[in-house]
Amino acid sequence: MNSCQDTLPFTLAACAEMLFRDLPITERVARIDALGFQVEIWDWSRHDIKSLAATGATFSSMTGYLEGTLADQEGADRLVATARESVAVAKQLGIPRLNLHGTGLDGQGLPVQPGAEMTGPMWIRAADTLHRLADLGQQHGVMFVLENLNTEVDHPGVPFARVEDVLALVESVDRPEIRIMLDLYHAQIGEGNLVELVHRCAPYIGEVQVADVPGRREPGSGEIHYPAIARALDEIGYRGTVGLESWASGDDEQALRRFRDAFTL
């Protein structure tokens with residue numbers, strides 16, 4: 001592999017919740033950082049924030065709320081309130097992007113408030129909630145990224161899950177503090193046609209997440225030809241973060257090497 005920096009146009013990050021799981025979280029973070037990757041975490045409330053900060057790692061993103069949902073008043077109020085708490089933690093860790101979903105997820109990835117059938121008023125409420133979060137992001141200099149999910153395998157019943165739904169909401173809000181967390185693992189399961197999705201979402205991508213299908217393991221372990229995805233991202237001029245949110249098919253360090261190789265042009 002050619003390791004010259006000019007052949008790697010993207011910033012690469014890896015999820016500490018899914019790799020090196022035999023280690024305590026702070027050691028996972030330190031290992032990922034030492035290997036040259038930024039670090040993603042999920043629910044910050046489960047971690048010792050001071051210990052994470054003390055690793056000196058650069059963090060790419062984390063879950064941007066603890067509870068709540070986009071599309072009803074009470075849930076939206078709770079989402080914004082816990083997003084405000086999350087912003088304070090993000091600032092301690094220097095995290096620029098906070099991840100959102102259509103509703104809170106439980107420990108199995110299932111929606112706390114299912115909502116597969118979205119009504120017109122729910123779409124309006126969801127857009128209003130995103131505007132409130134954009135105000136918060138503007139105030140504190142952070143970005144909220146709304147992630148597409150798959151409902152077929154991992155997250156049945158999650159509202160606003162498909163890329164087309166996420167894109168419609170983000171386009172309707174049209175503010176720089178609200179962007180898409182384009183998860184290509186979920187998109188492959190639910191929609192496919194990934195290169196076209198990259199081009200369609202181009203103006204609104206805040207970050208890209210990847211894993212292969214089936215199994216949610218690193219690029220090269222399944223059916224997605226990630227070098228073609230890397231070329232598509234390069235074609236649209238994307239120069240942001242690509243995050244590996246996957247399990248390792250074998251050795252964790254090998255998974256990270258395969259990830260880097262897939263996104264080296």
Side-chain angles (χ1 to χ4, degrees), residues 10 60-61 63-65 68-71 76 79 83 96-105 109 111 114-138 142-211 213 224 226 228-243 245:
F10 320 109
S60 60
S61 64
T63 304
Y65 67 104
T69 187
L70 288 177
L79 179 64
R97 287 174 298 278
L98 292 94
N99 205 19
L100 303 169
H101 311 103
T103 185
L105 305 176
E117 296 297 326
M118 295 291 99
T119 65
M122 293 173 77
W123 279 88
I124 294 170
R125 173 63 62 193
D128 177 72
T129 305
L130 291 175
H131 273 292
R132 294 170 66 187
L133 291 167
D135 291 341
L136 184 61
Q138 184 178 40
V142 297
M143 177 188 294
F144 287 93
V145 283
L146 182 59
E147 182 181 2
N148 61 290
L149 301 171
N150 80 78
T151 58
E152 290 83 355
V153 176
D154 297 288
H155 306 290
V158 170
F160 306 109
R162 293 172 61 85
V163 173
E164 63 182 288
D165 297 335
V166 172
L167 180 59
L169 280 172
V170 172
E171 283 181 321
S172 70
V173 174
D174 196 22
R175 295 180 60 179
E177 299 83 15
I178 301 293
R179 286 291 182 258
I180 297 171
M181 175 66 85
L182 181 60
D183 190 306
L184 295 175
Y185 161 78
H186 291 307
Q188 173 69 2
I189 293 172
E191 295 155 89
N193 203 15
L194 298 185
V195 169
E196 176 62 22
L197 284 180
V198 165
H199 282 272
R200 283 174 53 201
C201 295
Y204 296 99
I205 298 174
E207 186 174 328
V208 176
Q209 288 183 332
V210 302
V213 177
I224 301 175
Y226 269 112
I229 301 299
R231 290 194 296 272
L233 289 167
D234 187 51
E235 287 168 5
I236 66 170
Y238 182 72
R239 292 296 180 267
T241 299
V242 178
E245 194 175 54

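For the single chain, residues carry numbers from 1 onward in sequence order. Note that these values count all heavy atoms, side chains included, but never hydrogens, waters or copies made by symmetry.
The closest donor-acceptor contact from the side chain of Y185 to the backbone of L149 lies at 3.5 Å or more, if one exists at all. With hydrogens and angles ignored, the 3.5 Å screen pairs a side-chain donor or acceptor of T69 with a backbone N or O of G102.
L146 is listed as a side-chain neighbour of L70, based on a closest heavy-atom distance under 4.5 Å. By the 4.5 Å heavy-atom criterion applied to side chains, D135 and R175 are counted as neighbours. Counting heavy atoms from C-beta on, the side chains of S61 and N99 never come closer than 4.5 Å. Side chains of D234 and R239 form a contact here, defined as non-hydrogen atoms less than 4.5 Å apart.
Residue L184 comes nearest to I224 through the heavy atom pair O-CD1, 4.2 Å, listed as atom of the first residue, atom of the second, then distance. Taking every heavy atom of both residues into account, L169 and A127 meet most closely at CD2-N, 4.0 Å. Y238 and G206 make their closest contact through OH-O, 3.9 Å (heavy atoms, listed as atom of the first residue, atom of the second, distance). What you find for V195 and A228 is that their closest heavy atoms are CG2-O, 4.4 Å. The two residues N148 and R162 come nearest to each other via the heavy atoms CB-C, 4.1 Å. Between L133 and L100, the shortest heavy-atom contact is CD1-CD1, 3.6 Å.
Looking at residues two or more places apart in sequence or on another chain, you find no ring-ring contact (aromatic ring centres under 6.0 Å, His included) involving Y204. Taking T63 as the reference, W42, Y65 meet the side chain to side chain contact (heavy atoms under 4.5 Å, CB included) condition, with sequence neighbours excluded.
Of the candidates E207, E177, E147, E207 is the only one forming a salt bridge (charged side-chain N to carboxylate O under 4.0 Å, His left out) with R97.
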(Q) Could you go through L233 and V242, starting from their C-alpha distance and side-chain angles, then the distance that decides it, and tell me whether this counts as side chain to side chain contact (heavy atoms under 4.5 Å, CB included)? (A) CA-CA 10 Å; L233 289 167; V242 178; 4.2 Å; yes
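Here L182 contributes atom CG and R200 contributes atom CZ; the two are 10.5 Å apart, rounded to the nearest 0.5 Å. Annotation: the span from R231 atom CZ to I236 atom CD1 amounts to 14.5 Å, rounded to 0.5 Å.
Taking the six-membered ring for Trp, H155 and H186 have ring centres closer than 6.0 Å.
The pair R125-D128 meets the salt-bridge criterion, with a side-chain N (NZ, NE, NH1 or NH2) lying under 4.0 Å from an Asp/Glu carboxylate O.
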